[in-house]
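One structure is given below, encoded as structure tokens.
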Amino acid sequence: MENLRSTGTVFAIVMITVLLFARQSSARPQPDEVEDMKKALYSACSGKSPITEEMKSNAKNGIFSEERNFKCFLMCTFEELSLIDEEGVIDGEAMESMVIDDIKPMIKEAVKSCLPDIAGKPDPCEVAFNFVKCGANINAKLIEMLPL
């Protein structure tokens with residue numbers, strides 16, 4: 001799979017991820033740090049799989065486009081955070097370990113409930129899409145984590 005070409009973008013994503021997800025509940029990430037990470041992921045992935053403003057707006061409201069570009073955009077965000085492999089296997093443990101304590105129970109529930117239903121699917125874009133859709137059905141607050 002193709003990785004980000006811009007070293008600066010990779011560095012920004014890595015640093016923001018470290019700042020965001022390595023913190024414990026005593027030091028919450030600042031809203032601007034979350035937004036910076038989301039912007040970097042959006043920039044990286046929208047170049048590979050462009051999505052429309054309508055797709056973004058609808059997704060923020062829990063309405064997920066069935067278009068291939070949207071599904072692959074979601075897969076790209078997982079890929080950039082090393083949460084999905086080339087075969088479309090989502091690393092639930094890595095996902096749980098990188099989030100702050102406040103979000104961890106929601107992610108654990110999504111991993112527990114959603115991953116078994118999508119395991120073994122051959123298309124990584126479909127896997128990422130179905131995981132996000134399932135997670136949003138479990139807790140709509142997870143939509144806020146998407147880089148939209």
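Being a predicted model, the structure only gives us computed values, none of them experimental.
- Annotation: side chain of Met75 is not in contact with side chain of Val127 (no heavy-atom distance under 4.5 Å).
- Side-chain atoms of Thr77 come within 3.5 Å of backbone N or O of Leu74 as a donor-acceptor pair.
- Residue pairs meeting the ring pair (Phe, Tyr, Trp, His ring centres under 6.0 Å) criterion with at least one partner in residues 99-118, sequence neighbours excluded, do not occur; the list is empty.
- Residue Asp123 holds its CG atom at 12.5 Å from CD of Glu87, rounded to the nearest 0.5 Å.
- In this structure, Asn61 and Ile143 have side chains that are not in contact, with every pair of non-hydrogen atoms separated by 4.5 Å or more.
- The two residues Ser46 and Ser43 make their nearest non-hydrogen contact at OG-O, 3.6 Å.
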| field | Chi angles and distances behind the side-chain contact (heavy atoms from CB on, under 4.5 Å) call for Ile107, Met145 | value | CA-CA 11 Å; Ile107 293 293; Met145 296 177 60; 4.2 Å; yes
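- Within 6.0 Å of NZ on Lys121 lie no more than 12 heavy atoms contributed by other residues, nucleotides or ligands.
- Contact check for Leu142 versus Ile138: no side-chain heavy atoms found under the 4.5 Å cut-off.
- Within the 4.5 Å cutoff, side-chain heavy atoms of Ile90 are placed close to those of Ile118.
- A distance of 7.0 Å separates CG of Asn130 from NZ of Lys71, quoted to the nearest 0.5 Å.
- Put simply, the side chain of Phe64 does not reach to within 4.5 Å of the side chain of Asn58, judged on heavy atoms.
- Sequence neighbours left out, the pairs with a member in residues 128-140 that pass salt bridge (Lys or Arg N to Asp or Glu O under 4.0 Å) are Glu66-Lys133.
- For Glu80 and Lys48, the salt-bridge test passes: some basic side-chain N is under 4.0 Å from an acidic carboxylate O.
- Residues satisfying the side-chain contact (heavy atoms from CB on, under 4.5 Å) criterion with Lys112, sequence neighbours excluded, are Glu109.
- Tyr42 meets the ring-ring contact (aromatic ring centres under 6.0 Å, His included) test with Phe73; sequence neighbours excluded.
- Taking Lys141 as the reference, Glu144 meet the side chain to side chain donor-acceptor pair (under 3.5 Å) condition, with sequence neighbours excluded.
- The salt bridge (charged side-chain N to carboxylate O under 4.0 Å, His left out) check on Asp117 picks up nothing, with sequence neighbours excluded.
- Among residue pairs with one or both ends in residues 84-108, none qualify as ring pair (Phe, Tyr, Trp, His ring centres under 6.0 Å); sequence neighbours excluded.
- Shown here for Glu79 and Ile84, the closest heavy-atom pair between the two residues is N-CG2, 3.5 Å.
- For residues 117-148, the set of pairs meeting the disulfide (SG to SG under 2.5 Å) definition, not counting sequence neighbours, comprises Cys72-Cys125, Cys114-Cys134.
- In terms of hydrophobic clustering, with Ile, Leu, Val, Met, Phe, Trp and Tyr side chains grouped at heavy-atom distances under 4.5 Å, Met95 and Val89 are assigned to different clusters.
- Sequence neighbours left out, not one pair with a member in residues 80-130 passes ring pair (Phe, Tyr, Trp, His ring centres under 6.0 Å).
- Within the 3.5 Å criterion, the main-chain N or O of Glu93 finds a donor-acceptor partner in the side chain of Asp91.
- Contacts of Thr52 classified as side-chain contact (heavy atoms from CB on, under 4.5 Å), with partners at least two apart in sequence or in another chain: Glu54, Met55.
- When the side chain to side chain donor-acceptor pair (under 3.5 Å) test is applied to Glu96, no partner is found at least two apart in sequence or on another chain.
- Contacts of Asn69 classified as side chain to side chain donor-acceptor pair (under 3.5 Å), with partners at least two apart in sequence or in another chain: none.
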